[in-house]
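Structure, as structure tokens:
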Amino acid sequence: QVQLVESGGGLVQAGGSLRLSCAASGRTFSYYAMGWFRQAPAKEREFIAGINWNGGSTHYADSVKGRFTISRDNAKTTVYLQMSSLKPEDTAVYYCAAAGSDYVPTTFGLYDYWGQGTQVTVSS
């Protein structure tokens, strides 16, 4: 069992930065791949970033490459999403998720646990 709680969302102006955190509980956290997804109004849930258990492998959606960075601190059982150069189209509810996998899944169906989400709103 893994429980995930996102934090750090809020309102930011276009071009600004924001860091999301995902605090995990569960003694097996270090063995899970972690991912960030987002869902905007009237849109499908979108994979945006993922990281494997030791941080040695990451994947990003094309829409956020060069702007977002995923990282993890297994000692703190926390995953981060550093977001820079934010655009209005980044506005969405952001979710973190955990997958019992040795690789980084990029589809939501392969993740086992989900956080409650945190709202990110980017104003023009």
Side-chain angles (χ1 to χ4, degrees):
Q1 179 69 33
V2 177
Q3 293 181 320
L4 307 172
V5 180
E6 303 96 333
S7 63
L11 176 64
V12 63
Q13 294 186 14
S17 299
L18 204 62
R19 188 178 77 160
L20 305 182
S21 298
C22 176
S25 62
R27 60 183 176 88
T28 60
F29 170 80
S30 296
Y31 299 100
Y32 283 82
M34 301 295 297
W36 285 96
F37 291 76
R38 68 186 182 189
Q39 188 163 18
K43 291 189 176 181
E44 300 284 342
R45 181 165 37 180
E46 176 190 16
F47 170 85
I48 55 173
I51 189 167
N52 78 330
W53 72 275
N54 66 0
S57 180
T58 58
H59 290 86
Y60 296 93
D62 289 341
S63 59
V64 305
K65 282 182 179 178
R67 300 189 298 118
F68 291 11
T69 302
I70 187 172
S71 62
R72 68 190 297 165
D73 186 337
N74 287 348
K76 297 180 179 179
T77 64
T78 301
V79 178
Y80 304 96
L81 184 68
Q82 178 65 50
M83 305 183 294
S84 300
S85 301
L86 284 163
K87 306 173 182 179
E89 53 261 44
D90 294 319
T91 296
V93 177
Y94 284 71
Y95 300 89
C96 68
S101 175
D102 291 332
Y103 62 96
V104 182
T106 57
T107 58
F108 69 87
L110 295 176
Y111 284 82
D112 302 301
Y113 304 100
W114 294 84
Q116 83 287 351
T118 185
Q119 176 71 46
V120 173
T121 302
V122 183
S123 63
S124 300

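The shown structure was predicted, so the numbers you read here are calculated from the model rather than taken from an experiment.
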Where Met34 and Ala98 come nearest, the two heavy atoms and their spacing: SD-CB, 3.5 Å
Glu89 CD: over 12 foreign heavy atoms closer than 6.0 Å: yes
Phe37 ring center within less than 6.0 Å of Tyr111 ring center: yes
Flag, side chain of Thr77 to backbone of Asn74, donor-acceptor distance under 3.5 Å: no
Leu18 with Tyr94, same ILVMFWY side-chain cluster at under 4.5 Å: yes
Joint hydrophobic cluster, Val93 plus Leu81, side-chain heavy atoms closer than 4.5 Å: no
pair Val2-Tyr32: side-chain heavy atoms closer than 4.5 Å: yes
Asn54 atom CG, neighbour heavy-atom count above 12 within 6.0 Å: yes
Gap between atom CD of Gln82 and atom CZ of Arg67 - 0.5 Å precision: 12.0 Å
Candidate pair Trp36 and Glu6, rule side chain to side chain contact (heavy atoms under 4.5 Å, CB included), full reasoning: CA-CA 10 Å; Trp36 285 96; Glu6 303 96 333; 3.9 Å; yes
Ser7 OG to Gln116 CD distance, which is reported to the nearest 0.5 Å: 8.5 Å
CD on Gln13 to OG1 on Thr121, rounded to 0.5 Å: 13.0 Å
Flag, side chain of Asp112 to backbone of Gly100, donor-acceptor distance under 3.5 Å: yes
Closest non-hydrogen atom pair between Arg72 and Asn52, with its separation: NH1-O, 2.7 Å
Salt-bridge present (Asp62, Lys65; N to O < 4.0 Å): yes
Cation-pi geometry met for Arg45 and Phe108 (6.0 Å, 45°): yes
Residue pair Glu46 / Ser63, side-chain donor-acceptor N/O under 3.5 Å: yes
Nearest non-hydrogen partners of Ser17 and Ser84, listed with the distance: OG-OG, 3.5 Å
Given Met83, His59, Arg38, the one that forms side-chain contact (heavy atoms from CB on, under 4.5 Å) with Ile48: Arg38
For Cys22 against Leu4, the heavy-atom pair lying closest together: SG-CB, 3.8 Å
Listed partners of Ser71 passing side-chain contact (heavy atoms from CB on, under 4.5 Å), at least two apart: Tyr80
ILVMFWY network linking Leu110 to Trp53, side-chain heavy atoms under 4.5 angstrom: no
Separation of Ile70 CD1 from Tyr60 OH (nearest 0.5 Å): 6.5 Å
Shared hydrophobic cluster, Phe68 / Val12 (ILVMFWY, side-chain heavy atoms < 4.5 Å): yes
Path from Ile51 to Leu20 over hydrophobic side-chain contacts below 4.5 Å: yes
